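Data first, discussion second: the structure below is written as structure tokens.
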Number of protein chains: 2
Amino acid sequence: MKPKDGKKVTAIYDATVALIGEVGLAGLRMSAIAEKAKLASGTLYIYFESKEHLLNALYSKIMMEGTIQLLPNITHLPVKKQLYVIWESVIRFRYGRNDEMIFLDQFRYSPMISEENSKLTEKFISHVEKMLDSGKEEMIVKELDNHFLIPLLYGYANDLSRYLVVRNVALTEEVITRSFGICWDAIKA
Amino acid sequence: MKPKDGKKVTAIYDATVALIGEVGLAGLRMSAIAEKAKLASGTLYIYFESKEHLLNALYSKIMMEGTIQLLPNITHLPVKKQLYVIWESVIRFRYGRNDEMIFLDQFRYSPMISEENSKLTEKFISHVEKMLDSGKEEMIVKELDNHFLIPLLYGYANDLSRYLVVRNVALTEEVITRSFGICWDAIKA
DNA sequence: TTTATTGGTGAATAAATATTCATTTACTAT
DNA sequence: ATAGTAAATGAATATTTATTCACCAATAAA
């Protein structure tokens, strides 16, 4: 028998993501995905049951790569250093993969998203919450509810990376250090 | 002759916005808008030429109310105070009208958005940039490129208000003061 | 080689959805 | 009152778009 071509799934994902960046989720067509991935439209249905399944699979993949997998095992490091490491990887990821981010933002509110996928942010957030809490115990982070601090980190990372991409600003080491410095000034005790 | 009913446009806008919050832009149907607004679907076309026109009109309206019109004439006040006033009104607006914000975020990347509408953020941003620049001159704001500072303010406001809505946290005076304090710590010299 | 099996194709079909339009209703001016 | 006009309706139509399927191609095992 003929085996499935592993590269095709990647090609489909890549095409989908690129199209979302061009026309948004509302403008996304299966035919356009097939064309961009250089496949017949029927081939999409060999790899995915439906548009909905394809998009849910893609969502889950990006969420893993963009959040969960960015959490290294560094609980032994000082809180500030832990935050920096995560800041750097999050910014780099979002900067390099802006279209994916647009997709996540739009798919989250679409009626296609599965039960399971809509819970996927929690794990990442609770990890950051734990970090902030131990920072508060050590008296180096402001004694404030996490609902003040989390959106700062999350929202800033989000918007900063998008802003840099849109304005064609290169993501240098310095940009990362500076932006982290700003965050740290905001949350340090 | 029978005059157009002014309230219908509002009803259509309200229905559209509510639906976006429920099913996102990708799930938005003209028939659903009509039903929620308690109109026949044909009536939508008396008030708007097409779905695209309806959504562009709505986008422009929300952008005006949510950004441009929030800029009061307060250039005589100290920079920190100016920022606080704008911070407060932006947070209140976004908190109270979360569905509108979801719409803005999604429509911005859709193929339906008009040339004109895609430029609408600029005016607001350049106003804030001017404020930050005069803050730098007065040496009370960090001497950093605005592309570090703008996303902090914009992204934090965005995410904070969404986070509070989703987690059902009330928007008290204290929340506004505290969050502004965090911002100010981040950007002050 | 040959055969069996699955991948791949894209035109055809089915389903979903925006838009139209013949008709009715409500309002204004005369 | 009544006529004239435009709003309002919603079933019918047009359009768009996801999905299927009859057929062909490639690969692996026999």
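None of these values were measured; they are calculated from a predicted model. Convention: sequence-line order gives letters A, B, ...; per-chain numbering from 1. Hydrogens, waters and symmetry mates play no part in the numbers below; they use all other heavy atoms, side chains included.
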I'd like to know whether [atom1] of [X] has more than 12 heavy-atom contacts from other residues, nucleotides or ligands below 6.0 angstrom.
{"X": "A:Glu35", "atom1": "CD", "answer": "no"}
{"X": "A:Glu116", "atom1": "CD", "answer": "no"}
{"X": "A:Lys61", "atom1": "NZ", "answer": "yes"}

Gap between atoms [atom1] and [atom2], on [X] and [N] respectively (whole Å):
{"X": "B:Ile33", "N": "D:dT9", "atom1": "CD1", "atom2": "C1'", "value": "17 Å"}
{"X": "B:Glu35", "N": "C:dT17", "atom1": "CD", "atom2": "P", "value": "13 Å"}
{"X": "A:Met112", "N": "D:dT17", "atom1": "CE", "atom2": "C1'", "value": "11 Å"}
{"X": "B:Met30", "N": "C:dT20", "atom1": "CE", "atom2": "P", "value": "10 Å"}

For this session: Ignoring hydrogens and angles, tell me if any N or O in the side chain of B:Ser60 forms a donor-acceptor pair with the backbone of B:Asn56 under 3.5 Å.
Result: no

Problem set entry | A:Lys142 and B:Asp185: CA distance, side-chain angles, deciding distance, salt bridge (Lys or Arg N to Asp or Glu O under 4.0 Å) verdict | CA-CA 11 Å; A:Lys142 282 195 181 91; B:Asp185 284 347; 2.7 Å; yes

Exercise. Between residues 41-59 of chain A and DNA chain D, which residues have a heavy-atom gap below 4.0 Å?
Worked result: A:Gly42, A:Tyr45, A:Ser50, A:Lys51

Seminar exercise, completed: Contact check, residues 7-29 of chain A vs DNA chain D, heavy-atom distance under 4.0 Å, returns A:Leu28, A:Arg29

Exercise. Would A:Tyr13 and A:Tyr47 count as a close aromatic pair, with their ring centres under 6.0 Å?
Worked result: no

Exercise. Aromatic rings B:Phe103 and B:Tyr59: how do their planes relate, parallel, tilted or perpendicular, breaks at 30° and 60°?
Worked result: perpendicular

Problem set entry | Criterion side-chain contact (heavy atoms from CB on, under 4.5 Å) on B:Phe48 and B:Leu55, from CA distance to verdict | CA-CA 9 Å; B:Phe48 299 96; B:Leu55 295 180; over 6 Å; no

